[in-house]
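Right, one structure below, let's go through it.
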Number of protein chains: 2
Amino acid sequence: MTSTTPISLATLAGLLADATRARFCLALLDGRAWTAGELARHAGVAASTASEHLSHLVRGGLLAEERQGRHRYVRLAGPQVAQLIEDMTAHAERAGAAAGPPTLRAASAARAMAAARTCYDHLAGRLGVAITDALTTRGLLRQDAGFALSDDGLAWFAAELGAVLPASGGRRPLARPCLDWTERRHHLAGTAGAVLCATALERRWVSRIGSGRALRLTGTGRQALSALLGLRDPTGDLADGIAGELRASAAGG
Amino acid sequence: MTSTTPISLATLAGLLADATRARFCLALLDGRAWTAGELARHAGVAASTASEHLSHLVRGGLLAEERQGRHRYVRLAGPQVAQLIEDMTAHAERAGAAAGPPTLRAASAARAMAAARTCYDHLAGRLGVAITDALTTRGLLRQDAGFALSDDGLAWFAAELGAVLPASGGRRPLARPCLDWTERRHHLAGTAGAVLCATALERRWVSRIGSGRALRLTGTGRQALSALLGLRDPTGDLADGIAGELRASAAGG
DNA sequence: CGCACACTTCGGCGGGCGCCGAAACCTCCC
DNA sequence: GGGAGGTTTCGGCGCCCGCCGAAGTGTGCG
């Protein structure tokens with residue numbers, strides 16, 4: 001017979017089951033706060049519609065809001081929510097076929113996103129995966145029996161980034177894998193991933209392209225990654241990008 | 001033939017956004033295959049309704065089906081799907097308020113589930129968390145800088161369980177944390193968690209209570225856990241259970 | 001061969017929900 | 001104080017979707 005409470009799961013899923021609300025959450029994956037109007041325009045719906053959706057999401061605990069004057073700023077409620085949306089997106093992408101033919105503009109944006117982007121508060125794309133790989137091959141990150149920083153890794157964060165990472169007693173894990181939906185491989189998330197990303201932005205290793213999630217690796221960044229991790233530019237400069245695309249096109253056709 | 005569904009975040013969420021489909025998935029978290037009729041009766045809907053829901057879930061990639069004669073057996077498509085549903089459930093439970101007052105029967109079932117149960121293919125409940133804690137305090141599992149088995153842990157699995165765990169090169173991590181929705185703490189999942197659970201069932205350390213996910217710790221199991229991990233019965237025998245409940249009731253009231 | 005059973009397909013019904021525009025509310029700025 | 005702009009509330013509309021029962025298909029058993 002019917003037992004207790006299966007309602008919660010359905011309710012939570014229902015919050016993300018609408019295309020407009022899903023677009024909101026995906027946009028908010030950039031980790032920043034958006035106004036209601038920005039999100040409405042982004043999703044192509046009326047302001048009134050957006051307002052109702054946002055109230056819905058806030059009530060459901062997925063979003064946190066902050067009112068400032070006549071603006072309603074809204075952001076993801078926390079890393080757990082970001083992780084949930086990332087996980088679901090990765091899962092959805094896995095089974096999903098390619099959509100329609102992309103426009104030139106969209107293709108360009110997609111290329112930039114594939115090279116380097118933020119994933120809520122950590123690094124993703126080829127850059128994020130390459131850094132994760134470099135940490136792993138240098139023995140700073142162990143992926144063979146789970147996913148954790150080694151003692152050397154903790155020391156590396158302290159020495160190179162000046163970040164004393166707390167032993168993960170809190171809710172948030174210090175290091176966790178996040179499935180990259182362009183690379184189909186794991187990159188570093190958790191507190192360590194956030195610290196790394198914050199450092200990279202702070203020291204100008206990367207800079208944001210426009211207002212989106214896409215990142216550009218700077219000259220400073222190339223030098224730093226090379227010095228710290230022996231990493232050659234993984235984002236691919238223009239020539240590499242085009243060549244790689246031609247290769248992929250030839251192989252795929 | 002239409003290619004595999006062009007799944008988006010909203011579409012995936014939509015699959016779980018219905019109360020009946022959510023009930024199906026939660027029931028299937030026991031890791032076994034159910035027939036369409038069983039699920040229909042479990043959720044209290046007509047067979048025709050259940051049939052449509054199942055087709056929906058299969059097309060969406062959440063469920064795998066296996067036809068045998070006039071039966072349609074269905075199970076979760078894999079560990080990734082189980083993890084997704086676990087994660088969403090944990091997230092939902094966190095913000096969820098208490099439901100209505102439970103019946104005696106439901107309370108009894110809930111108590112058994114809280115003591116020990118399976119979570120798809122690994123151990124959960126007080127038992128699962130206690131084992132995870134024991135592994136951690138003994139240095140077999142490290143949670144301070146991520147979540148991974150130590151070298152000693154790998155050796156322990158080989159020596160005590162006779163399980164040679166593959167270096168997690170494949171898709172599935174060897175060890176990962178799974179948030180326990182009764183204990184609100186992590187227990188061991190991933191390949192290692194699955195091996196441990198399979199061993200426990202095989203060696204009769206635990207046995208299934210009825211046809212659900214709840215488990216009973218056997219005398220053999222008590223001895224084994226004590227010998228292998230220095231663990232005293234964490235499920236609480238009957239006296240402990242009642243005493244604990246009285247304490248909790250007194251403290252909560 | 002025929003009945004029983006498990007499941008599926010098909011209409012049809014009803015409720016829920018996402019959408020909009022209009023109007024109200026609030027804040028900021030001139 | 002008035003106007004402009006961002007946000008919210010309120011009806012109202014339309015559609016999607018979950019539900020059922022009845023009829024149809026396929027399997028197993030006597």
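By convention in this document, chain letters (A, B, ...) are assigned in the order of the sequence lines, proteins followed by strands, and residues within each chain are numbered from 1. Reckoned from all heavy atoms, side chains included, excluding hydrogens, waters and symmetry mates.
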Interatomic spacing from [atom1] in [X] to [atom2] in [Y] - rounded to 0.5 Å:
X	Y	atom1	atom2	value
D180(B)	L188(B)	CG	CG	12.0 Å
L16(B)	L62(B)	CG	CG	5.5 Å
W34(A)	H42(A)	CH2	NE2	5.0 Å

Strictly by modelled atom types, are [X] and [Y] linked by a side-chain donor-acceptor pair under 3.5 Å?
X	Y	value
S8(B)	T11(B)	yes
T132(A)	R185(A)	no
S55(B)	R72(B)	yes

Legend entry - Neighbours of DNA chain D within residues 64-75 of chain B, by heavy-atom distance under 4.0 Å: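 Those residues are G69(B), R70(B).
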
Legend entry - Audit row: L196(B), L161(B), side chain to side chain contact (heavy atoms under 4.5 Å, CB included) steps and yes/no: CA-CA 8 Å; L196(B) 185 58; L161(B) 269 49; 3.5 Å; yes

Inset, instruction - Find the bend of the helix from dC1(C)-dG30(D) to dC30(C)-dG1(D) as the angle between its two terminal axes (five pairs each), to the nearest 10°. - result: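 Between the first-five-pair axis and the last-five-pair axis there is 20°.
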
Legend entry - For C178(B) against E86(B), the heavy-atom pair lying closest together: SG-OE1, 2.9 Å

Inset, instruction - Pull out every residue in residues 30-43 of chain A that has a heavy atom closer than 4.0 Å to any atom of DNA chain C, ordered by number, or say none. - result: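 The answer is none.
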
Dump the pairs, protein N or O against N or O of nucleotides 17-20 of chain D, anything under 3.5 Å, distances to one decimal.
{"unit_1": "dG18(D)", "atom_1": "OP1", "unit_2": "R21(B)", "atom_2": "NH1", "d": "3.3"}
{"unit_1": "dG18(D)", "atom_1": "OP1", "unit_2": "R21(B)", "atom_2": "NH2", "d": "3.0"}
{"unit_1": "dC19(D)", "atom_1": "OP1", "unit_2": "T20(B)", "atom_2": "OG1", "d": "2.7"}
{"unit_1": "dC19(D)", "atom_1": "OP2", "unit_2": "H53(B)", "atom_2": "NE2", "d": "2.3"}
{"unit_1": "dC20(D)", "atom_1": "OP2", "unit_2": "A46(B)", "atom_2": "N", "d": "2.9"}
{"unit_1": "dC20(D)", "atom_1": "OP2", "unit_2": "T49(B)", "atom_2": "OG1", "d": "2.9"}

Legend entry - Pairs meeting criterion ring pair (Phe, Tyr, Trp, His ring centres under 6.0 Å) with involvement of residues 181-205 of chain A, two or more places apart: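 Only H122(A)-H187(A) qualify under ring pair (Phe, Tyr, Trp, His ring centres under 6.0 Å).
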
Legend entry - Distance, rounded to the nearest Å, where L15(A) contributes CG and dG16(C) contributes P: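 Taking atom P of dG16(C) as the reference, CG of L15(A) is at 17 Å.
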
Legend entry - Criterion side chain to side chain contact (heavy atoms under 4.5 Å, CB included) on R75(B) and L63(B), from CA distance to verdict: CA-CA 6 Å; R75(B) 56 184 166 75; L63(B) 265 45; over 6 Å; no

Inset, instruction - Please determine if D121(B) and R172(B) form a salt bridge, counting it only when a charged side-chain N lies under 4.0 Å from a carboxylate O. - result: yes

Legend entry - Residues in salt bridge (charged side-chain N to carboxylate O under 4.0 Å, His left out) contact with E38(A), at least two apart in sequence or another chain: none

